[in-house]
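Proteins come first, then strands; the chains are lettered A, B, ... in the order of their sequence lines, and each starts at number 1. FYI, side chains are in, hydrogens and waters are out, and symmetry mates aren't considered; it's all heavy atoms of this structure.
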There are 2 protein chains.
Amino acid sequence: MKNMHYTRDNMAELLRGHDINPTHQRIEIAHALFSRQEHLSADQVMAIVNTRHSETSKATVYNTLKLFLEKRLIRELIVDPSKVFYDPNTTPHHHIYEIDSGKMSDIDADQVKITGLPPLPDNMVTEGIDLIVRIRNKN
Amino acid sequence: MKNMHYTRDNMAELLRGHDINPTHQRIEIAHALFSRQEHLSADQVMAIVNTRHSETSKATVYNTLKLFLEKRLIRELIVDPSKVFYDPNTTPHHHIYEIDSGKMSDIDADQVKITGLPPLPDNMVTEGIDLIVRIRNKN
DNA sequence: TCCGGAAGTTAGACAAAGTCTAGATTATTG
DNA sequence: CAATAATCTAGACTTTGTCTAACTTCCGGA
């Protein structure tokens, strides 16, 4: 997704590539997420999509985000107890979370090494590893 | 806290040691958490504490858990999007989360090494590092 | 002992995120 | 064009957590 122009057409292409039927609403939601490359909550996605005139309902925003998750188009960030954030960057990476401001930034997974994790039971697979560094201002 | 008998008296002692005035309700809540050494949600804490007869209100459960957090008696686990869990184990450790069942288990931080994390801005301090391994059943 | 304030607790109203339902729209296919 | 499947929608509902204002308990000093 580097150097990509986030046109609606390209969004449709992206959706098709993930087995998602590119409807108007889905294209708008994908566009909101990918053109910003930021971590957005469902609320924020909805606000962005509906800025000019109402384009999608709350139910559709939630349904669509869930669909994108299943199809591995985006990633879910469970970091703030009050709401989930969605991350259009699905490459392996970790997060720094500023507790006070809520600001989040990425750490490329390449530079980070995690060793010594215990082996999993045979019938289990790793769905993902979330590493979150919580930081705050010195007093 | 190894080999400790989780009597109410010992709970009171523990609370005093963390600058917390040991009231009846606080002792009961601490007892619920520490005698089990499990990750409990606010809901679960309340259910446990009020099994026999009503002992504490919802407001007190939430107030008390927040107080325990501030005084670093327990730790907050943000793992499930729908609710926060509280962990009586404050020694450095990480978590394995079974997505389907919600079951959580600990990984001692001693055996795990994390290297290559970027340096923080000068005015910032690390509040904590959360490492969560999300696993699920093979199909 | 009595008074008064501080600390703690409470019921219940409230807020916000997210889910669900049942009907309306749109697209697709024979 | 009709039938069917897929998608979208408003709004009711659920759940977790917060807030408020009143009530209780505790404690130190006169």
Side-chain angles (χ1 to χ4, degrees), chain A residues 8 11-12 15-16 18-33 39-50 52-71 73-87 99 102, chain B residues 8 11-12 15-16 18-33 39-50 52-71 73-87 99 102:
Chain A
R8 264 73 178 170
M11 288 302 104
L15 294 180
R16 272 187 220 99
H18 284 255
D19 271 326
I20 300 169
N21 185 9
T23 64
H24 173 60
Q25 287 87 340
R26 287 169 183 171
I27 288 171
E28 287 306 312
I29 291 171
H31 185 260
L33 280 159
H39 316 88
L40 300 177
S41 65
D43 241 33
Q44 292 174 308
V45 169
M46 182 142 150
I48 291 169
V49 168
N50 292 331
R52 286 164 183 283
H53 29 76
S54 177
E55 311 224 32
T56 69
S57 68
K58 187 164 74 147
T60 297
V61 170
Y62 278 98
N63 288 342
T64 301
L65 289 171
K66 198 176 276 181
L67 177 67
F68 285 4
L69 266 184
E70 274 165 22
K71 300 295 189 179
L73 187 62
I74 60 176
R75 202 171 127 178
E76 192 181 33
L77 293 185
I78 304 169
V79 162
D80 183 297
S82 73
K83 59 180 65 160
V84 172
F85 285 86
Y86 297 90
D87 188 345
I99 295 173
Chain B
R8 264 72 179 171
M11 287 302 103
L15 294 180
R16 273 188 219 98
H18 284 254
D19 271 327
I20 300 170
N21 185 8
T23 64
H24 173 61
Q25 287 88 339
R26 288 168 182 173
I27 288 170
E28 288 305 311
I29 290 171
H31 186 259
L33 280 159
H39 317 88
L40 301 177
S41 65
D43 241 33
Q44 291 175 309
V45 169
M46 183 143 150
I48 291 169
V49 168
N50 291 333
R52 286 163 184 283
H53 28 75
S54 177
E55 310 224 33
T56 69
S57 68
K58 187 166 74 149
T60 297
V61 170
Y62 278 98
N63 289 341
T64 301
L65 289 170
K66 198 177 276 181
L67 177 68
F68 285 5
L69 266 184
E70 274 165 22
K71 300 294 189 179
L73 186 62
I74 61 176
R75 202 172 128 180
E76 193 180 31
L77 293 185
I78 303 168
V79 162
D80 183 298
S82 75
K83 59 180 66 161
V84 173
F85 285 86
Y86 296 90
D87 188 346
I99 295 172

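With rounding to the nearest 0.5 angstrom, the CD atom of A/Glu55 is 10.0 Å from the CD1 atom of A/Ile29.
Running 5' to 3' along DNA chain D, contacts with non-hydrogen atoms of chain A at under 4.0 Å begin and end at D/dT7 to D/dA10.
Summarising the geometry, the separation between CD on B/Glu28 and C1' on C/dG8 is reported as 16 Å, rounded to the nearest angstrom. C/dT10 atom C1' lies 13 Å from atom CD1 of B/Ile29, rounded to whole Å. Here the C1' atom of nucleotide C/dC20 and the CG atom of A/Asn63 are 10 Å apart, to the nearest Å. Whole-Å rounding puts the B/Asp80 CG to C/dT19 P distance at 11 Å. Separating the CD atom of B/Glu55 from the C1' atom of C/dG8 is a distance of 16 Å, rounded to the nearest angstrom.
Without hydrogens or angle criteria, B/Arg26 side chain to B/Asn21 main chain gives a donor-acceptor distance under 3.5 Å.
Distances were taken from every side-chain heavy atom of A/Tyr62 (C-beta onward) to each of C/dT10, C/dT19, C/dC20; the shortest belongs to C/dT19.
Looking at A/Lys83, its side chain has no donor and acceptor atom pair within 3.5 Å of the base of C/dG18.
If you check every strand for non-hydrogen atoms under 4.0 Å, A/Thr60 touches a base. In this structure, B/Ser82 reaches the sugar-phosphate backbone alone: every heavy-atom distance under 4.0 Å involves primed, P, OP1 or OP2 atoms, never a base. At the heavy-atom level, B/Ser41 lies nowhere under 4.0 Å from the strands shown.
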For side-chain contact (heavy atoms from CB on, under 4.5 Å), just list the numbers for A/Leu33 and A/Leu65, CA-CA rounded to whole Å, side-chain angles, deciding distance to a tenth of an Å, and then say yes or no. CA-CA 10 Å; A/Leu33 280 159; A/Leu65 289 171; 3.9 Å; yes
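Annotated stems with DNA chain D as a participant read C:1-30 with D:1-30, given as range with range, by first number; only runs of 3 or more Watson-Crick or G-U pairs under 3.5 Å qualify.
Listed pair A/Lys66 / C/dT19 meets the phosphate criterion, a side-chain N or O lying under 4.0 Å from OP1 or OP2.
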Detail all sub-3.5 Å separations between protein N/O atoms and N/O atoms belonging to nucleotides 24-30 of chain C.
none

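Taking the nucleotide of DNA chain C with the nearest heavy atom to each of B/Ser54 and B/Ile20, the more 5' of the two is matched to B/Ile20.
For A/Ser82 and A/Asp80, the side-chain atoms include at least one donor-acceptor pair closer than 3.5 Å.
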